[in-house]
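Per chain, numbering begins at 1; letters A, B, ... match sequence-line order.
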Number of protein chains: 2
Amino acid sequence: MASSIDVARLAGVSQSAVSRVFTPGASVSDRMREKVLATARALNYRPNFVARSLTTGRSRIIGLVVAYLDNQYYPVAVERLTKALQARGYHVMMFMTEQTATNIDDVVSGILDHQVDGIVVASVAMSSKLADRCTEAGVPVVLFNRIQSEDRFSSVISDNFGGGRLLARFLVEGGHQRIGYLAGWEGASTQRDREAGFRAGLAAAGRGLFAWECGNYTFSVAEAATRRMFAADREHPDAIFVCNDHMAIAAMDVLRHEQGLRVPEDVSVVSYDDVPQAAWRSYGLTSLRQPTDSMVAATVDALMARIEGSETDPRRISLPGELIVRTSARIPAGWDAPTQS
Amino acid sequence: MASSIDVARLAGVSQSAVSRVFTPGASVSDRMREKVLATARALNYRPNFVARSLTTGRSRIIGLVVAYLDNQYYPVAVERLTKALQARGYHVMMFMTEQTATNIDDVVSGILDHQVDGIVVASVAMSSKLADRCTEAGVPVVLFNRIQSEDRFSSVISDNFGGGRLLARFLVEGGHQRIGYLAGWEGASTQRDREAGFRAGLAAAGRGLFAWECGNYTFSVAEAATRRMFAADREHPDAIFVCNDHMAIAAMDVLRHEQGLRVPEDVSVVSYDDVPQAAWRSYGLTSLRQPTDSMVAATVDALMARIEGSETDPRRISLPGELIVRTSARIPAGWDAPTQS
DNA sequence: CTTGCGTTTGCAACCGTATGCAAAACGGAG
DNA sequence: CTCCGTTTTGCATACGGTTGCAAACGCAAG
């Protein structure tokens with residue numbers, strides 16, 4: 001591979017001239033640019049990002065930490081985030097992790113070693129030791145779809161509390177009497193806020209939870225939780241809010257194919273995220289849509305403000321979701337008719 | 001951030017000593033290692049990957065190019081690949097692209113600029129100009145789930161031809177009379193091979209295709225294709241092979257919810273991939289499972305053989321799939337009973 | 001033809017690490 | 001204690017760029 005020195009020699013100019021031609025905003029005459037670009041093309045020279053990173057201290061790489069890729073919400077988010085960053089000249093380095101804390105520390109250390117310009121953490125919590133390392137290294141972090149009590153990080157979420165409350169109203173106005181809640185992993189802020197909002201919404205109508213089980217954001221655990229909640233020996237809920245679509249689908253299949261219950265005639269099901277599968281007609285999930293595009297845009301903005309701008313304080317962004325009414329739950333009068341998409 | 005020089009100074013040793021302590025296999029006395037590690041810990045020093053990459057010419061980064069993340073097969077593969085590479089000390093840089101060729105060229109150029117040690121291309125074809133650039137740069141490429149007539153690249157696929165043929169046998173022995181095929185994107189080798197295998201299997205039984213439509217590997221296009229294939233004004237197939245699960249689900253929903261047909265009573269549906277959703281009980285897709293784990297392992301092996309070993313020739317690996325029998329198609333006598341998972 | 005100012009160019013130092021080579025230290029045998 | 005073969009260590013250079021600074025240049029005004 002040709003280096004800038006090769007190009008310089010062949011073009012009869014200094015190496016720094018070559019560098020400047022490939023540095024946006026540097027001072028170069030048209031004649032020089034012409035000449036250099038010509039010989040660069042001849043040698044098919046392209047600047048070496050690694051060397052550039054070394055001197056500038058900026059790598060144009062964003063580290064992305066993800067735990068679940070089986071919950072379709074994340075692949076979609078990852079895809080959009082990657083594209084948005086690509087469009088800005090950044091690249092994404094992927095890191096998979098489990099929820100276990102020790103693992104995450106290793107993983108994030110690995111990220112920092114690569115001198116990333118920023119980190120996006122999706123669906124995962126960061127230890128505060130790690131937080132120290134990041135601030136110390138001057139690497140901005142954005143929590144995507146999570147918040148933490150630590151206020152050092154920027155975060156981008158949808159209004160989980162408001163969404164939960166709205167779903168409570170929806171079920172109450174639908175005339176449901178025995179309303180259950182199927183929780184996600186209790187370490188997650190999404191779970192806590194959605195449940196809190198849901199309870200608040202019920203309370204506002206003078207109601208409470210009829211049943212509660214935890215599905216841990218996992219398909220199989222959610223199945224088991226549904227079986228417990230709908231055990232044959234007692235009266236079962238006539239409506240449930242499942243904390244995300246991924247679990248809601250597991251729940252619906254158990255209800256229909258194991259318990260012999262009809263949805264929505266016997267049980268209404270609502271959930272959160274609006275992943276693509278929610279629209280599949282076998283499920284037709286009434287779900288609170290996360291504003292993924294805006295969340296991605298806000299994430300990129302927050303990163304750029306820190307990296308390229310001079311912003312120094314973390315942002316905490318909460319964006320409103322939208323209720324997508326489909327067929328998995330009885331529809332109260334006055335609410336939207338089922339949407340097609 | 002502390003550099004190796006800082007550590008060296010504080011420990012009273014040379015910078016190269018520090019470097020050697022962090023270079024596996026270098027010659028260092030125990031006393032030296034001890035001393036250096038201690039002060040390194042004190043300064044919480046970690047070697048800078050960028051600088052290391054610059055001198056060694058190896059970045060320990062693998063570029064991963066993906067087009068679709070909405071077909072769940074790919075997120076799953078990406079997850080496993082990322083983990084497998086992480087386990088070997090490599091990291092994955094993600095690149096999203098569309099199928100359009102010009103775009104891919106830009107994207108891969110971006111990858112090469114980062115001095116990646118290897119490239120995995122999933123679900124996408126590479127132009128031969130690009131191929132030149134990669135060989136020239138000495139960067140090994142593995143095509144994942146695709147093959148190309150270019151034999152310069154390694155490739156890892158499942159036996160699409162054999163899988164298609166097996167599904168044909170399955171449908172024929174199930175006693176189906178009018179067998180249709182719903183194709184994927186015709187530019188893809190997966191599509192071509194599965195169709196060829198399927199046709200061969202039918203031919204072996206003295207049969208042919210009753211209907212053919214193209215769904216382009218896209219949800220909405222597959223829906224439209226299904227509508228055409230099952231138009232009311234003519235006799236419809238009593239079985240179809242849909243080229244992947246992603247489209248098969250679209251097809252099943254159209255059959256059941258638009259055409260009022262029962263699956264499998266009126267129409268048998270089989271497909272390919274065995275994505276997680278295929279096991280969902282609302283679909284229960286009989287599908288040819290891709291051996292994703294082995295494919296990932298083979299991909300990593302092929303890369304490592306080129307990067308760390310001295311292998312120079314491309315590998316072309318084809319792994320056998322496995323038929324997972326569920327409920328979406330009539331089951332011929334003598335074939336496995338429905339599997340649960 | 002000077003002078004002066006703004007632009008373009010080259011020089012040289014630096015980013016943080018790896019590594020070939022020679023010097024130094026070590027250790028065992030005689 | 002000396003000598004010699006092995007480690008172990010340090011020195012110096014290289015990797016491929018960026019960038020502050022000063023020299024060179026271009027051009028218009030005096």
Side-chain angles (χ1 to χ4, degrees), chain A residues 1-37 39-40 43-61 89 110 112-117 136-139 308, chain B residues 1-37 39-40 43-61 89 110 112-117 137-138 308:
Chain A
M1 286 274 80
S3 75
S4 61
I5 295 190
D6 302 327
V7 176
R9 208 156 14 218
L10 189 60
V13 301
S14 77
Q15 179 270 334
S16 29
V18 178
S19 169
R20 276 190 259 265
V21 168
F22 288 93
T23 305
S27 152
V28 200
S29 69
D30 288 348
R31 225 165 52 83
M32 171 71 82
R33 185 188 321 280
E34 208 66 23
K35 190 164 43 173
V36 169
L37 283 180
T39 61
L43 298 179
N44 74 60
Y45 163 81
R46 313 194 89 217
N48 180 327
F49 274 38
V50 174
R52 176 178 288 177
S53 301
L54 185 58
T55 52
T56 60
R58 331 273 289 327
S59 60
R60 301 195 79 83
I61 298 178
L112 289 174
D113 292 342
H114 277 284
Q115 311 291 109
V116 296
D117 292 346
E136 190 183 342
V139 177
E308 301 184 340
Chain B
M1 286 275 80
S3 75
S4 61
I5 296 190
D6 300 328
V7 177
R9 207 154 17 215
L10 188 61
V13 301
S14 75
Q15 178 269 331
S16 27
V18 178
S19 170
R20 277 189 260 264
V21 169
F22 288 93
T23 304
S27 151
V28 200
S29 69
D30 289 348
R31 225 165 52 84
M32 170 72 83
R33 185 188 322 281
E34 210 64 25
K35 190 163 46 170
V36 168
L37 283 180
T39 62
L43 298 179
N44 73 61
Y45 162 81
R46 314 194 87 220
N48 181 327
F49 273 40
V50 173
R52 178 176 287 178
S53 300
L54 185 57
T55 51
T56 60
R58 332 272 291 329
S59 60
R60 301 193 80 82
I61 297 178
L112 289 174
D113 292 342
H114 277 283
Q115 311 291 110
V116 296
D117 292 346
E308 301 184 341

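Taking B/Thr55 as the reference, nothing meets the side chain to side chain contact (heavy atoms under 4.5 Å, CB included) condition, with sequence neighbours excluded. Listed by chain and residue number, nothing satisfies the side-chain hydrogen bond (donor to acceptor under 3.5 Å, both in side chains) test with A/Arg58 (two or more places apart in sequence, or in another chain). With sequence neighbours left out, the side chain to side chain contact (heavy atoms under 4.5 Å, CB included) criterion links B/Arg46 to A/Ser109, A/Asp113, A/Arg133. Not a single side-chain hydrogen bond (donor to acceptor under 3.5 Å, both in side chains) links B/Glu34 to another residue, sequence neighbours left out.
Where DNA chain C meets chain B (any atom under 4.0 Å from a heavy atom), the bounding nucleotides read 5' to 3' are C/dG16 to C/dG20. For DNA chain D, the span of nucleotides reached by chain A at under 4.0 Å from its heavy atoms goes, 5' to 3', from D/dG16 to D/dG20.
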If you look only at distance, which donor and acceptor atoms sit under 3.5 Å apart when one is on a side chain in residues 8-18 of chain B and the other is two or more places apart or in another chain?
from: B/Ser14; atom 1: OG; to: B/Ser16; atom 2: N; distance (Å): 3.4
from: B/Ser14; atom 1: OG; to: B/Ser16; atom 2: OG; distance (Å): 3.1
from: B/Ser14; atom 1: OG; to: B/Ala17; atom 2: N; distance (Å): 3.2
from: B/Gln15; atom 1: NE2; to: B/Ser4; atom 2: OG; distance (Å): 3.4

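Taking the screw axis at each terminus of the helix from C/dC1-D/dG30 to C/dG30-D/dC1 from five consecutive base pairs, the angle between the two is 50° to within rounding of 10 degrees.
Position along DNA chain D of the nearest nucleotide to B/Ser29 versus B/Thr55 favours B/Ser29 as the more 5'-ward residue.
Of the residues in residues 16-28 of chain B, those placing a heavy atom less than 4.0 Å from an atom of DNA chain C are B/Ser16, B/Ser19, B/Arg20, B/Thr23, in numerical order. Shown for residues 2-10 of chain A: no residue has heavy atoms falling under 4.0 angstrom of DNA chain C.
No contact: B/Phe49 has no heavy atom under 4.0 Å from any strand. When heavy atoms are screened at a 4.0 angstrom cut-off, B/Val13 is found touching the sugar-phosphate backbone but no base atom.
Separating the CZ atom in B/Phe49 from the OG1 atom in B/Thr56 is a distance of 10.0 Å, to the nearest 0.5 Å. With rounding to the nearest 0.5 Å, the separation of CD1 in A/Ile5 from OG in A/Ser19 is 11.0 Å. The line from CG of A/Asn48 to NE2 of B/His114 is 10.0 Å long, rounded to the nearest 0.5 Å.
The salt bridge (charged side-chain N to carboxylate O under 4.0 Å, His left out) contacts involving residues 12-28 of chain B comprise nothing, where partners must be two or more places apart or lie in separate chains. A salt bridge (charged side-chain N to carboxylate O under 4.0 Å, His left out) check over residues 47-57 of chain A, counting only residues at least two apart or in different chains, returns nothing.
Two residues are said to be in side-chain contact when any heavy atoms from C-beta on lie closer than 4.5 Å; A/Tyr45 and A/Leu37 fail this criterion. Between A/Leu112 and B/Met1, the closest side-chain pair of non-hydrogen atoms is not below 4.5 Å.
Considering every non-hydrogen atom in both B/Asp117 and B/Arg60, the closest pair reads OD2-N, 2.7 Å. The heavy-atom pair separating A/Ser53 from B/Val50 by the smallest distance is CB-CG1, 3.8 Å.
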